[in-house]
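A quick write-up on the structure given underneath.
We count ligands from 1, going down the list as the structure has it; atoms in each ligand are counted the same way.
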Amino acid sequence: MHGLMMDLPLTIASLIEHADRYHGDTEIVSRRIEDGTIHRTTYRDVHARARRLAAALRGLGVEATTRVGTLAWNGYRHFELYYAVSGIGAVCHTINPRLFPEQIAYIVGHADDQVVCFDLTFLPLVEKLAPHCPGVKHWVAMTDRAHMPASALPLQCFEDLIDAHPDGVEWPALDERSASSLCYTSGTTGNPKGVLYSHRSTVLHAYGACLPDALNLSARDVVLPVVPMFHVNAWGLPYSAPLVGAKLVFPGAALDGASLVELFEAEGVTTSAGVPTIWLGLLAHMKAQGLRFGALKRTVIGGSACPPAMIRTFEDDYGVQVLHAWGMTEMSPLGTVNTFKQRQLALDKTARDAIQNKQGRPIYGVDMKIVGDDGAELPRDGQAFGDLLVRGPWICASYFKGEGGDPLRDGWFPTGDVATLDADGFMQITDRSKDVIKSGGEWISSIDLENTAVAHPDVAEAAVIGVAHPKWDERPLLLVVRKPGATLGREEMLAFFEGKVAKWWLPDDVVFVDALPHTATGKLLKTKLREDYGHWKLPTA
Ligand code: ADP
């Protein structure tokens with residue numbers, strides 16, 4: 001017997017319709033790409049313009065399932081595209097402009113993008129790409145007539161397209177399982193693979209993300225996603241914010257500490273989100289200028305392990321709650337968020353800090369387990385660590401065009417992370433399986449060593465990789481970027497580890513470098529480090 005409830009599909013257009021109807025005058029504030037000035041609009045106007053943009057896209061030949069690429073910062077036009085494209089059943093393919101042009105051309109071709117919309121910043125990139133992207137029929141500059149650049153390419157003008165379509169579309173009825181957006185993994189090894197989200201997965205993820213023990217979003221929040229809209233849909237915030245009617249603030253291309261703090265303060269931002277590297281710059285600026293946050297209540301930090309020292313600075317020095325979160329492109333991306341349970345509030349600070357350093361608990365919709373090499377499940381005791389497997393309605397079941405074969409193991413998605421799970425459900429990433437250091441049959445966590453190193457006041461950034469060793473197979477090598485003016489030496493650095501990690505985990509050598517390489521999403525690029533330092537001659541070898 002079926003239940004007798006309405007079977008309304010969970011569609012992306014319903015999010016912006018809701019925001020228009022119930023939060024119509026709530027603001028969307030953006031820093032303009034053209035000149036850095038502030039642009040203001042509302043959910044009502046975004047919805048109206050998205051419907052007109054959708055009509056314009058149809059005019060360009062976009063139909064259901066057509067892929068529309070974007071090369072754009074966080075801003076209102078990108079936000080409008082999210083809804084216009086998915087709303088008519090087409091697929092919004094957000095492209096990471098920080099990838100190498102060859103990788104982008106590969107992705108555009110693989111996705112079969114018919115239209116690509118880009119911010120003016122990326123015109124030089126687009127001109128380089130165009131000859132290698134023969135399938136793209138229209139390149140749309142996301143600006144108005146007055147700012148249209150001179151180019152040998154025949155460009156469409158975003159605002160002209162909207163102006164030419166005074167009547168917006170009525171959103172068509174869609175199957176909630178139909179594809180809505182596409183995001184490629186950054187592919188640190190091999191070709192990038194496409195993760196194809198559906199309307200249903202996106203709306204369920206948006207619901208889950210708003211929960212109090214997740215990102216805790218409401219109509220009283222002002223949300224500034226620093227995480228780019230080309231990095232897993234800005235962690236879903238462009239969908240979650242309209243769901244609750246939160247005000248949105250988009251920083252455009254200005255992601256330096258000073259510009260961000262200025263927006264935080266001017267717009268009364270209560271919630272932000274970004275990768276640890278972004279916060280390094282922001283915190284350095286705050287400290288140098290002696291600034292405080294006026295309204296900021298919490299910030300989501302994820303994408304790579306948040307160093308405990310950063311959590312402490314935010315919470316203890318600035319009174320800003322850190323929501324340490326873990327996830328991946330294949331998970332839309334949210335998997336876990338770290339918030340306390342009632343019982344844990346009574347613990348002393350040391351015990352609470354230890355819990356907070358973990359990546360957090362699964363939100364409803366995500367199930368996880370850890371398994372050993374033989375595939376057998378390992379205990380949830382906070383000690384045993386193994387391959388982390390996940391499943392849920394917003395987790396990838398297969399890559400676009402079946403790339404890489406069936407990724408699942410018995411219905412579970414292998415994350416490529418090594419983790420522990422404790423009895424309270426808190427997960428802690430020990431390492432990415434390819435980064436873990438295998439020393440004499442035992443595993444050393446590169447993340448633990450990096451977190452310890454960056455707690456030293458002279459250290460700006462640190463990376464640990466495994467280096468070949470004749471006796472132990474692999475031993476840890478520590479690479480350190482000193483803070484400006486710091487004179488920290490090898491012995492002092494190593495002494496700092498004593499008592500903080502097991503003796504046999506101590507790095508075998510320390511190399512001081514000017515900078516560390518990062519991936520297009522701001523993570524340490526360990527493949528490059530292994531290429532450059534994998535044959536380092538350890539003094540112990
Ligand atoms: P990519 O894999 O393409 O670099 P993702 O953003 O999908 O991009 O990366 C997902 C991976 O990032 C996770 O599998 C995990 O290794 C790492 N990661 C994400 N958040 C955290 C976190 N809070 N702590 C440690 N690692 C994290």
>> Is a donor from one side chain sitting under 3.5 angstrom from an acceptor on the other, for Ser446 and Lys526?
In response: yes
> Short list, please: which atoms of ligand 1 are under 4.0 Å from a heavy atom of Gly327?
Replying inline: 10 (C), 11 (C), 13 (C), 19 (C), 20 (N)
> Among the heavy atoms of Thr519, does any lie under 4.0 Å from an atom of ligand 1?
Replying inline: no
> Under 3.5 Å, is there a donor-acceptor pair between the side chain of Glu176 and the main chain of Arg200?
Replying inline: no
> Considering only heavy atoms of His324, which atoms of ligand 1 have at least one such atom less than 4.0 Å away?
Replying inline: 23 (N)
> For ligand 1, which atoms, with element, lie under 4.0 Å from some heavy atom of Gln359?
Replying inline: 22 (C), 23 (N), 24 (N), 25 (C)
> Which of the atoms of ligand 1 are close to Thr329, meaning less than 4.0 Å from one of its heavy atoms?
Replying inline: 5 (P), 6 (O), 7 (O), 8 (O)
>> In this structure, is the centre-to-centre distance between the rings of Tyr197 and His205 below 6.0 Å?
In response: no
>> So is His231 touching ligand 1 or not, going by heavy atoms under 4.0 Å?
In response: yes
> Is there side-chain contact between Thr339 and Leu323, with at least one heavy-atom pair below 4.5 Å?
Replying inline: yes
>> Taking the ring of Tyr239 and the ring of Tyr82, is the distance between their centroids below 6.0 Å?
In response: yes
>> Under 4.0 Å between a side-chain nitrogen and a carboxylate oxygen: does that hold for Arg298 and Asp221?
In response: yes
> Strictly under 4.0 Å, does any heavy atom of Ser304 approach an atom of ligand 1?
Replying inline: yes
>> Quick test of your reading of the structure: of Glu330, Arg432, Lys523, whose heavy atom lies closest to atom 2 (O) of ligand 1?
In response: Arg432
>> Judged on heavy-atom distance to atom 15 (C) of ligand 1, which of Asp417, Asn96, Val418, Thr336 sits nearest?
In response: Asp417
> Contact between Cys306 and ligand 1, counting heavy atoms under 4.0 Å?
Replying inline: no
> Between Pro276, Pro192, Gly303, which one has a non-hydrogen atom sitting closest to atom 20 (N) of ligand 1?
Replying inline: Gly303
>> Within the 4.0 Å heavy-atom shell around Thr185, which atoms of ligand 1 are there?
In response: 3 (O)
>> Is it true that Asp508 and Trp472 share a donor-acceptor pair across their side chains at a distance under 3.5 Å?
In response: no
>> Regarding Lys523 and Asp435, does a basic nitrogen lie under 4.0 Å from an acidic carboxylate oxygen?
In response: no
>> Determine whether His110 and Tyr184 satisfy the following criterion, ring-ring contact (aromatic ring centres under 6.0 Å, His included), listing intermediate values before the conclusion.
In response: CA-CA 10 Å; His110 190 270; Tyr184 281 73; 5.7 Å; yes
>> Going by the closest heavy atom to atom 23 (N) of ligand 1, which one wins out of Ala305, Pro333, Ala325, Gly302?
In response: Ala325
> Which atoms of ligand 1 have any heavy atom of Met328 under 4.0 Å away?
Replying inline: 7 (O), 10 (C), 14 (O)
